[in-house]
Amino acid sequence: SYLTYLRELQRNQESYLDAQMKVTTGKRIQKPSDDPVAASDIVRLSGEQAEADQFTRNVDMARSRLSMTDSVLDNVEQMLQRVQGLAQSSLGNPSQATAYTTEIDGLRDQILSAANTTHAGRYIFGGTVLTTAPYSKSGTGVVSYAGNSIPMTLQVNRDTTLQIQLPGTDVFSGSVDVFQTLADLTTAIQAGNSTDVQTQLQNLQQIFSELSTARTRVGGYMNLADGVASHLTSAGLLRARNVNEVQNADAAQAITELSLSQTNL
């Protein structure tokens, strides 16, 4: 009958358009009704990829911030080594005390600047206090800490959080305060008090030890970040392959279907 003819014509038109879309897009699933189970898998895999993309951004930020942290600590360590050398020299040449203390005071200010380093507009040594400079110097030269000791972390995987920076209490103002040590050192050098200079040199050794521990921790966090990044990359490649297997059309089969549906139409 005429109605049967129209129904067959419509069915053949739909088959032709479906086949044409497969050839054009390379995808066998254009809408959920084409294959509900496969469509559900695609939605799940797409959700997992969106989550993984966020984790990847977090890892990239963590690696960048940790790399900057290590660079700052390396610079601070070099400056403190210079301070150590100046202090040792002062013991045998007290007449040059002013020259030594002037340079040490300058290095102290440089270390203060390093302690207020920012990354992407956020301070990296203030714990979770990110928008206020962690260290400030009063008019009398006393340096105080405005941050906290809370570790700053990011979620980098469903089961993994990563510490991305160190609070200043782990580096500059822990069991031995760097800024107070340098202030006491210049006072001792200026006074020609070799006993106090030796005391501050011992404090410097403790600071070097704490810096070494801090850099070791940062290195461990960086290694963990690298491992997570590698895992995310591998998982992403596998996920993309799974999506292709579920979604992509067989090219030869799609062309055959298009040819047949065109002939039927």
Side-chain angles (χ1 to χ4, degrees), residues 27 38-79 111-135 145-174 178 208-248:
K27 301 182 185 302
S40 177
D41 286 341
I42 291 170
V43 170
R44 175 181 57 80
L45 291 168
S46 296
E48 290 177 0
Q49 185 59 51
E51 180 184 54
D53 288 343
Q54 182 59 58
F55 287 147
T56 297
R57 288 191 290 272
N58 289 354
V59 170
D60 289 343
M61 173 178 282
R63 294 165 88 182
S64 177
R65 188 164 296 186
L66 288 168
S67 178
M68 174 172 281
T69 299
D70 186 63
S71 178
V72 170
L73 295 183
D74 180 62
N75 190 36
V76 168
E77 193 169 31
Q78 292 181 42
M79 287 189 282
I111 293 171
L112 175 62
S113 178
N116 286 331
T117 297
T118 60
H119 176 273
R122 297 291 184 266
Y123 292 97
I124 66 174
F125 292 112
T128 58
V129 179
L130 303 176
T131 58
T132 300
Y135 289 94
Y145 182 58
N148 58 40
S149 299
I150 303 172
M152 183 73 183
T153 62
L154 273 181
Q155 191 83 21
V156 293
N157 215 332
R158 285 184 178 180
D159 305 315
T160 307
T161 58
L162 177 67
Q163 187 166 333
I164 63 172
Q165 61 190 52
L166 299 178
T169 49
D170 287 1
V171 182
F172 301 101
S173 49
V178 172
F208 282 130
S209 177
E210 292 184 0
L211 274 174
S212 177
T213 298
R215 294 192 68 183
T216 298
R217 289 173 58 195
V218 170
Y221 300 147
M222 291 175 71
N223 288 338
L224 177 57
D226 289 343
V228 171
S230 178
H231 172 73
L232 287 171
T233 299
S234 299
L237 293 173
L238 178 60
R239 192 179 300 109
R241 187 172 67 190
N242 289 341
V243 169
N244 289 337
E245 289 174 353
V246 171
Q247 189 174 50
N248 288 0

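When reading the values below, keep in mind they use all heavy atoms of this one structure, side chains included, and skip hydrogens, waters and symmetry mates.
- Contact between Ile124 and Thr118 at its shortest, heavy atoms only, is CG2-C, 4.3 Å.
- For Met61, the CE atom counts as loosely surrounded, since its 6.0 Å shell holds 12 or fewer non-hydrogen atoms of other residues, nucleotides or ligands.
- Looking only at side-chain heavy atoms (C-beta outward), Phe125 and Val72 come within less than 4.5 Å of each other.
- Of the inter-residue distances, the one linking Gln163 atom CD with Ile150 atom CD1 reads 11.5 Å to the nearest 0.5 angstrom.
- In terms of heavy-atom proximity, Ala229 sits nearest to Val59 at CB-CG1, 3.8 Å.
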Chi angles and distances behind the side chain to side chain contact (heavy atoms under 4.5 Å, CB included) call for Tyr221, Gln165: CA-CA 9 Å; Tyr221 300 147; Gln165 61 190 52; over 6 Å; no
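- In this structure, Val178 and Val171 approach most closely via the heavy-atom pair CG2-O, 3.9 Å.
- Annotation: the span from Arg65 atom CZ to His119 atom NE2 amounts to 6.0 Å, rounded to 0.5 Å.
- Closest non-hydrogen pair, Gly126 versus Pro134, comes out as CA-CB, 3.8 Å.
- Contact check for Leu130 versus Tyr123: no side-chain heavy atoms found under the 4.5 Å cut-off.
- Here CG of Leu73 is found 12.0 Å from CE of Met68. Values are rounded to the nearest 0.5 Å.
- Judged purely by atom type and a 3.5 angstrom limit, Ser71 has no side-chain atom pairing as donor or acceptor with the backbone of Ser67.
- Considering all non-hydrogen atoms of both residues, Gly127 and Asn148 come closest at CA-OD1, 3.4 Å.
- There is a side-chain donor-acceptor pair under 3.5 Å between Thr169 and Ser149.
- We find the CG-CD distance between Leu162 and Gln155 to be 10.0 Å, quoted to the nearest 0.5 Å.
- Between the side chain of Ser212 and the backbone N or O of Phe208, no donor-acceptor pair lies under 3.5 Å.
- For Leu166 against Ala214, the heavy-atom pair with the smallest separation is CD1-CB, 3.6 Å.
- Taking CG from Leu154 and CG from Asp60, the interatomic distance works out to 11.0 Å, rounded to the nearest 0.5 Å.
- Counting heavy atoms from C-beta on, the side chains of Glu77 and Arg215 come closer than 4.5 Å.
- Ring-plane geometry between Tyr145 and Tyr135 is classed as tilted, the angle between the planes lying from 30 to 60 degrees on a 0 to 90 degree scale.
- In this structure, Leu66 CG and Asp70 CG are separated by 9.0 Å, a value rounded to the nearest 0.5 Å.
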